[in-house]
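The structure appears right after this line, and notes come after that.
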Amino acid sequence: QVQLVESGGGLVQPGGSLRLSCAASGRIFSINAIGWYRQAPGKQRELVATITSGGSTNYADSVKGRFTISRDNAKNTVYLQMNSLKPEDTAVYYCNADLVRVRGLPLRNYWGQGTQVTVSS
């Protein structure tokens, strides 16, 4: 089985920083796009940032210039550096990946369990 395990969430004051990590484990042949989504209470889950295997990135307008996504392909890990955090960034952050478990099989989509980020004074 494939698991995506997030870490690095917590409570931070406005203007502060956090770094989220998501490690993919299990039988994995390749990871295509991997990234982060978030869901605030009472709101729909939304894209935060994604990165392809080639390093192309995509960001939500609300986080451009403040968040940076990166990945370590050797470790099957993706990171989200979050700076200048605002109260409206408060949400559960979920890792998401399109990956192939075994060569020749199709891409499948996987979600992590989520990590809470709270921005409050």
Side-chain angles (χ1 to χ4, degrees):
Q1 280 291 351
V2 171
Q3 280 191 315
L4 302 180
V5 179
E6 303 102 332
S7 61
L11 173 63
V12 64
Q13 291 187 341
S17 298
L18 281 175
R19 188 191 194 210
L20 304 183
S21 299
C22 170
S25 63
R27 188 172 184 180
I28 298 171
F29 174 72
S30 66
I31 299 176
N32 190 4
I34 187 168
W36 297 90
Y37 289 70
R38 67 186 180 187
Q39 188 166 19
K43 294 188 177 182
Q44 289 189 330
R45 193 172 296 188
E46 63 177 3
L47 179 145
V48 176
T50 59
I51 184 168
T52 67
S53 56
S56 296
T57 58
N58 182 42
Y59 294 94
D61 288 341
S62 59
V63 307
K64 283 180 181 176
R66 299 189 297 123
F67 292 8
T68 302
I69 190 169
S70 60
R71 63 190 282 174
D72 184 332
N73 291 328
K75 296 181 179 179
N76 286 338
T77 299
V78 64
Y79 306 96
L80 186 68
Q81 178 66 44
M82 305 186 294
N83 298 329
S84 303
L85 282 160
K86 304 175 181 180
E88 50 263 44
D89 294 317
T90 295
V92 178
Y93 283 70
Y94 296 91
C95 183
N96 178 268
D98 288 326
L99 60 87
V100 175
R101 292 187 61 225
V102 176
R103 184 173 184 168
L105 293 182
L107 277 173
R108 285 189 60 187
N109 187 258
Y110 294 84
W111 289 94
Q113 292 299 308
T115 185
Q116 177 70 46
V117 172
T118 302
V119 184
S120 175
S121 55

For the residue pair Asn83 and Ser17, what are the closest heavy atoms and their distance? OD1-OG, 2.9 Å

Residue pair Lys86 / Val119: nearest heavy atoms and the distance that separates them: O-CB, 3.2 Å

Is there a side chain to side chain contact (heavy atoms under 4.5 Å, CB included) between Arg66 and Met82? Walk through the geometry before answering. CA-CA 6 Å; Arg66 299 189 297 123; Met82 305 186 294; over 6 Å; no

Given the rule in the side chain to side chain contact (heavy atoms under 4.5 Å, CB included) test, do Val117 and Leu20 qualify, once you have shown the distances and angles that lead to the verdict? CA-CA 9 Å; Val117 172; Leu20 304 183; 4.1 Å; yes

Cluster check Leu107, Phe29: I/L/V/M/F/W/Y, side chain < 4.5 angstrom: yes

Quick one: do Leu85 and Phe67 satisfy side chain to side chain contact (heavy atoms under 4.5 Å, CB included)? Show the steps, please. CA-CA 9 Å; Leu85 282 160; Phe67 292 8; 3.7 Å; yes

For Ala49 and Tyr59, which heavy atoms make the closest approach, and how far apart are they? CB-CD2, 3.5 Å

Looking at Gln1, I'd like to know if its CD atom is crowded, meaning that more than 12 non-hydrogen atoms belonging to other residues, nucleotides or ligands lie closer than 6.0 Å. no

To the nearest 0.5 Å, what is the distance between CZ on Arg101 and OG on Ser30? 12.5 Å

Return the orientation label for the Tyr37 and Trp111 ring planes: parallel under 30°, perpendicular over 60°, tilted otherwise. perpendicular

Distance from Ser25 atom OG to Asn76 atom CG, nearest 0.5 Å? 9.0 Å

Mark yes when over 12 heavy atoms from residues, nucleotides or ligands other than Gln113 sit less than 6.0 Å from its CD; otherwise mark no. no

Any chain of hydrophobic side-chain contacts (each under 4.5 Å) joining Val78 to Val63? yes

With rounding to the nearest 0.5 angstrom, report the OG1 to OH distance, Thr68 to Tyr79. 14.5 Å

Keeping Glu46 on the side-chain end and Arg38 on the backbone end, is there a donor-acceptor pair under 3.5 Å? no

Does any part of the side chain of Thr115, heavy atoms only, come nearer than 4.5 Å to the side chain of Tyr93, both counted from C-beta? yes

Taking 4.0 angstrom as the limit, do Asp61 and Lys64 come out as a salt bridge? yes

In short, Ala40 meets Thr90 closest at the heavy-atom pair CB-O, 3.6 Å

State, yes or no, whether a side-chain contact exists between Leu11 and Ser120 at a heavy-atom distance under 4.5 Å. yes

To the nearest 0.5 Å, atom CG of Leu47 lies from atom CG of Asn96 at 9.0 Å

Which residue in the set Thr50, Asn109, Asn32, Thr52 passes side chain to side chain donor-acceptor pair (under 3.5 Å) when paired with Asp98? Asn109

If Ile, Leu, Val, Met, Phe, Trp and Tyr residues are connected whenever their side-chain heavy atoms lie under 4.5 Å apart, and connections chain through other members, are Leu80 and Tyr110 in the same group? yes

Start with the C-alpha distance between Arg71 and Ile31, add both sets of side-chain angles, then the distance that settles side chain to side chain contact (heavy atoms under 4.5 Å, CB included), and finish with yes or no. CA-CA 11 Å; Arg71 63 190 282 174; Ile31 299 176; 3.6 Å; yes

How close do Ala24 and Leu4 get, counting heavy atoms only, and between which atoms? CB-CD2, 3.4 Å

About how many Å separate CD1 of Ile69 and CG of Asn58, when rounded to the nearest 0.5 Å? 9.0 Å

Correct closest heavy-atom pair for Val92 and Gln116 would be CG2-OE1, 3.2 Å

Using the rule that two of Ile, Leu, Val, Met, Phe, Trp, Tyr join whenever any of their side-chain heavy atoms come within less than 4.5 Å, decide whether Val2 and Trp36 are in one cluster. yes

